[in-house]
Amino acid sequence: MRRFIPRSLFGQTLSVLLAGLIASHLVGSWIYSMDRSQIVRAVGGAVIAQRITNLSRLVQDASDDWRARIVAALSDETFKVALAAEPPRTSVTDADAPAADALRQLLTEQLSTGGSGAPLVSVSQPRGIMVGLAQRMMDQHPMMQGFGGMGPLAGFREMQVAVPLQDGQWLVYSTVLPDSGGAFSLRFLISMGVMVFITLLVAIWVVRRVTTPLTALGQAAQRLGEDLNAPPMPETGTVETRQAAHAFNAMQSRLRRMIEDRSQMLAAISHDFRTPLTLLRLRAENVDDPIERERMLSTIADLDAMVAATLAFASDGESRAPHRRTDLTALIASIVDDMADGGLPVRMDEAQPIVLECDPASLKRALTNLIDNAVNYGGSAVVAISNSARGIEIAIDDCGPGIPEAELSHVFEPLYRLESSRSRETGGMGLGLAIAQSIVRAHDGQLTLVNRSEGGLCALIVLPASRF
């Protein structure tokens with residue numbers, strides 16, 4: 001059921017408005033049809049009551065010889081008239097009593113028969129489900145009795161009236177009110193369709209006007225994640241929209257200033273570190289003992305590499321190169337070929353060209369770090385790229401001992417290493433995986449490490465191709 005529910009705010013809001021519109025039109029159409037039917041029957045009842053009054057006077061004033069002829073001439077299939085010596089037996093239910101009493105009162109006021117009693121009236125109402133429901137609603141709410149302006153005369157369908165004559169005879173009328181016909185005519189349906197169409201257009205315009213600023217805010221947030229120097233949002237629209245845009249632009253300005261301050265601090269740190277390291281290197285070269293000199297130079301080189309790696313990680317993401325369409329298969333093949341030419345045990349599985357809009361330089365750096373880790377700690381690296389339901393998958397497998405499960409959640413932390421030393425002979429500075437993860441996240445991707453069942457470690461990159 002949930003798959004039929006729109007996922008966007010525009011779709012959900014429009015669906016709610018459309019459901020309310022359909023429900024209101026259905027209820028309104030039902031009320032209209034009920035009102036129309038009651039009005040038609042009420043008017044028909046009033047007309048028949050007037051007809052009975054006129055005919056009763058005509059028969060009352062006619063001689064005995066002409067009464068039977070007049071009665072025979074007045075009677076037809078839908079309006080039966082007869083003379084009777086005794087009044088017919090009538091029974092009125094509680095539901096029909098209001099209409100019968102109203103009609104009896106109307107006939108009594110209009111007739112001056114001089115007979116021995118008041119007219120006898122029996123009516124019956126149609127017993128459909130919707131009519132019964134409407135009748136119960138009117139019974140419970142007296143104010144609804146006058147709905148349509150016809151009162152209790154608006155409900156009955158069949159009618160039997162017995163009018164007493166002066167000579168003791170009874171003039172009996174039996175009739176059935178004609179059906180009001182179909183309530184939903186072609187003109188009515190067309191008018192309803194036009195109203196629904198106009199209301200739907202207005203609803204679409206209103207909902208689109210409300211949701212468009214949210215879409216623009218989401219797009220601006222995505223641009224901000226890719227480039228801090230992206231242009232600010234236009235501060236237009238409603239008061240709430242302008243407030244949200246102003247707050248977003250202020251946040252972007254603060255982030256930009258913070259990054260600029262950090263860049264200046266990193267530049268100062270880099271300069272301050274490089275200068276003493278250079279002096280230490282010059283002094284170490286003047287040491288007479290060659291063994292001690294090599295140790296000092298090695299330590300200085302490790303410190304220099306640590307500073308360079310730390311600064312590179314800290315400044316990563318500060319500036320993003322523009323994305324361009326890149327064949328990832330060819331990019332990975334070039335990295336593998338360069339490493340293989342250098343004598344490293346690296347190979348790549350055959351794959352079809354896969355094109356993605358990305359920053360090829362940063363992705364190359366991330367892939368190089370991961371392949372270097374696979375070679376250094378796993379002895380070899382096998383790279384594969386493919387398309388899947390999740391996106392573009394790049395898998396880097398090695399044949400090493402893997403990583404303990406308890407350590408998998410920590411290896412992406414900056415400066416964290418499984419091997420505790422910082423020697424270049426035993427490993428790097430513990431920033432390779434952190435840098436690779438930062439680059440993959442900048443492409444809205446995901447980097448995970450999984451121990452393979454057959455042994456070794458798999459570094460899996462998933463990039464969302466649909467993003468571009």
For residues 277-291, please give each side-chain donor-acceptor pair under 3.5 Å, one per line with the distance, not counting sequence neighbours.
| from | atom 1 | to | atom 2 | distance (Å) |
| --- | --- | --- | --- | --- |
| Thr278 | OG1 | Arg274 | O | 2.8 |
| Asn286 | ND2 | Leu282 | O | 3.3 |
| Asp289 | OD1 | Ile291 | N | 3.2 |

Which side-chain N or O atoms in residues 333-350 pair as donor and acceptor under 3.5 Å with protein atoms at least two apart or in another chain?
| from | atom 1 | to | atom 2 | distance (Å) |
| --- | --- | --- | --- | --- |
| Ser334 | OG | Leu331 | O | 2.6 |
| Arg347 | NH1 | Asp349 | OD1 | 3.0 |

Would you tabulate the side-chain donor-acceptor contacts of residues 387-399 under 3.5 Å, counting partners in other chains and residues two or more places apart, or write 'none'?
| from | atom 1 | to | atom 2 | distance (Å) |
| --- | --- | --- | --- | --- |
| Ser388 | OG | Arg390 | N | 3.3 |
| Ser388 | OG | Gly391 | O | 3.2 |
| Ser388 | OG | Glu393 | OE2 | 2.9 |
| Arg390 | NE | Glu393 | OE2 | 3.1 |
| Arg390 | NH2 | Glu393 | OE2 | 2.9 |
| Asp398 | OD1 | Gly400 | N | 3.1 |
| Asp398 | OD1 | Leu457 | N | 2.8 |

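Under the side chain to side chain donor-acceptor pair (under 3.5 Å) criterion, Thr241 pairs with Thr238, not counting sequence neighbours. Partners of Gln446 according to the side-chain contact (heavy atoms from CB on, under 4.5 Å) rule, which considers only residues two or more places apart in sequence or in another chain, are Thr448. Among residues two or more places apart in sequence or in another chain, the side chain to side chain donor-acceptor pair (under 3.5 Å) test is passed with Arg242 by none. Every residue was checked against the side-chain contact (heavy atoms from CB on, under 4.5 Å) condition with Ala244, not counting sequence neighbours, and none meets it. Ala351 meets the side-chain contact (heavy atoms from CB on, under 4.5 Å) test with Thr329, Ile385; sequence neighbours excluded. Residues that satisfy the side-chain contact (heavy atoms from CB on, under 4.5 Å) test with Ala245, not counting sequence neighbours, are Met233, Glu235. Applying the side chain to side chain donor-acceptor pair (under 3.5 Å) rule to Arg452 yields the partners Glu454; only residues at least two apart in sequence or on another chain are considered. Evaluation of the side chain to side chain donor-acceptor pair (under 3.5 Å) rule for Arg256 yields Asn229 as partners, not counting sequence neighbours.
For the pair Leu21/Val196, a side-chain contact is recorded, criterion being any heavy-atom separation below 4.5 Å from C-beta on. Residues Phe197 and Leu201 have side chains in contact (heavy-atom distance under 4.5 Å, counting atoms from C-beta outward). Considering only heavy atoms from C-beta on, Leu224 comes within 4.5 Å of Leu255 through its side chain. Side-chain contact between Gln12 and Val16 is absent, with no heavy atoms from C-beta onward closer than 4.5 Å. A 4.5 Å side-chain heavy-atom check between Leu408 and Asn451 finds at least one atom pair inside the cut-off. By the 4.5 Å heavy-atom criterion applied to side chains, Leu447 and Leu460 are not counted as neighbours. At a threshold of 4.5 Å between non-hydrogen side-chain atoms, the residues Leu370 and Ile461 count as touching.
Rounding to the nearest 0.5 Å places CD of Glu357 at 8.5 Å from OG1 of Thr326. With values rounded to the nearest 0.5 angstrom, Met251 atom CE is found 10.5 Å from Met258 atom CE. For the atom pair CD (Gln222) and CG (Leu217), the distance works out to 12.0 Å, reported to the nearest 0.5 Å. Between atom SG of residue Cys358 and atom CG of residue Asp327 there is a gap of 10.0 Å, rounded to the nearest 0.5 Å. A distance of 10.5 Å separates CG in Leu449 from CD in Glu405, rounded to the nearest 0.5 Å. In this structure, CZ on Arg293 lies 13.5 Å from OG on Ser298, to the nearest 0.5 angstrom.
Listed here is the closest heavy atom pair of Arg324 and Pro360: NH2-CG, 3.2 Å. Listed here is the closest heavy atom pair of Asn369 and Ala436: ND2-N, 4.5 Å. Summarising the geometry of Tyr377 relative to Pro401, their closest heavy-atom pair is O-CD, 3.6 Å, with the distance given to 0.1 Å. Minimum interatomic distance between Ile439 and Ser362 (heavy atoms only, all atoms of both residues): CD1-O, 3.2 Å. Of all non-hydrogen atoms in Ala203 and Leu17, the two that sit nearest each other are CB-CD1, 4.0 Å.
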Steps toward side-chain contact (heavy atoms from CB on, under 4.5 Å) verdict (Leu363, Leu328): CA-CA 9 Å; Leu363 271 184; Leu328 292 184; 3.9 Å; yes

Trace of the side-chain contact (heavy atoms from CB on, under 4.5 Å) decision for Leu463 with Leu356: CA-CA 9 Å; Leu463 298 173; Leu356 176 70; 3.7 Å; yes

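In this structure a side-chain-to-backbone donor-acceptor pair under 3.5 Å is present from Thr299 to Arg295. Under the 3.5 Å distance criterion, the side-chain polar atoms of His443 are matched with a main-chain donor or acceptor of Asp359.
A salt bridge (Lys or Arg N to Asp or Glu O under 4.0 Å) check over residues 373-385, counting only residues at least two apart or in different chains, returns nothing.
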